[in-house]
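First comes the structure, then the notes that go with it.
Just so you know, these numbers come straight off a predicted model, no measurement behind them.
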Amino acid sequence: MQISLILNGKNITEDIAPDLLLIDFVRNHKCYSVKRGCETSNCGLCTVFLDQKPVLSCAILAARADGHRVDTLEGLQKEATEFGAFLADEGADQCGFCNPGMIMNAIALFRENPDPSDDEIKEYLAGNLCRCSGYEGQLRGIRSFLEYKKRGGSVCNQ
């Protein structure tokens, strides 16, 4: 079957197998930030934006993205780089395997709720498995980033 979509700003039309998962489609297009972790929609490693909303690409057929926009971390480098530095400053990047999914969900949080409470931040982090940390570094990184924005730090928008 043939699908057409926009992947990280690039128009793609391609013949695919009807059972191809979106995670495999984006990885076939060199979007290696999208990782396969649990394959049960529980770890957040495969998070992508489908029409600007975070979704788990291991749970969606690529055919469902036909006619839509898909963004991965590769397409959100300006936002990701700015925020990622705050995670690193808090020591929240340890092995780095979960960082892309974590950053994707943090970007969604920043876009949807520019002044979240700690409980709201934890809700966004809840869908992201990190085996190295206790999530406190990520929480501190998000808090530090939000304070930076309040003080007038630039935030890159796509």
Sorted by chain and number, sequence neighbours left out, salt bridge (charged side-chain N to carboxylate O under 4.0 Å, His left out) with K150 holds for D115, E147
Apply side chain to side chain donor-acceptor pair (under 3.5 Å) to the pair T40 and N42, showing each step before the final yes or no.
-> CA-CA 6 Å; T40 60; N42 287 309; 2.9 Å; yes
- Between E112 and Y124, is a side chain to side chain donor-acceptor pair (under 3.5 Å) present by the stated rule, with each step listed? CA-CA 11 Å; E112 294 173 19; Y124 274 80; 2.5 Å; yes
In this structure, CD of E123 is separated from CG of N113 (nearest 0.5 Å) by 10.0 Å
Between the OG1 atom in T13 and the CD1 atom in I3, the distance rounded to the nearest 0.5 Å is 8.5 Å
Discussion item. Check for me, please, whether L146 and L76 land in the same ILVMFWY cluster - side-chain distances under 4.5 Å, paths through other members count.
Written reply: yes
I12 reachable from V26 in the ILVMFWY side-chain graph, under 4.5 Å edges = yes
| said: Quick one, Q138 and F86 - any side-chain contact, counting heavy atoms below 4.5 Å? | reply: no
Any side-chain heavy-atom pair from R36 and C58 closer than 4.5 angstrom?
no
Fill in: Worked verdict on I16 versus F25 for side-chain contact (heavy atoms from CB on, under 4.5 Å)
CA-CA 9 Å; I16 63 164; F25 181 86; 4.1 Å; yes
Atom CZ of R64 with >12 non-hydrogen neighbours under 6.0 angstrom:
no
Result for side-chain contact (heavy atoms from CB on, under 4.5 Å) between V48 and one of I23, N8, V34 points to V34
Which of P100, P54, S57 passes side-chain contact (heavy atoms from CB on, under 4.5 Å) with T47? It is P54
- Task: Determine, step by step, whether H68 and I6 satisfy the side-chain contact (heavy atoms from CB on, under 4.5 Å) criterion, reporting the C-alpha distance in whole Å, the side-chain angles of both residues, the deciding distance to 0.1 Å, and the verdict.
- Result: CA-CA 6 Å; H68 297 276; I6 300 169; over 6 Å; no
- Message: Under the criterion side-chain contact (heavy atoms from CB on, under 4.5 Å), I'd like the reasoning laid out for K122 against L139: C-alpha separation, chi angles, the key distance, then a yes or no.
- Response: CA-CA 7 Å; K122 289 175 183 177; L139 180 60; 3.8 Å; yes
Residues I121, L125; criterion side-chain contact (heavy atoms from CB on, under 4.5 Å); working and verdict | CA-CA 6 Å; I121 293 170; L125 297 181; 4.1 Å; yes
Describe, in one word, how the ring planes of F83 and F145 are oriented to each other, choosing from parallel (under 30°), tilted (30 to 60°) and perpendicular (over 60°). perpendicular
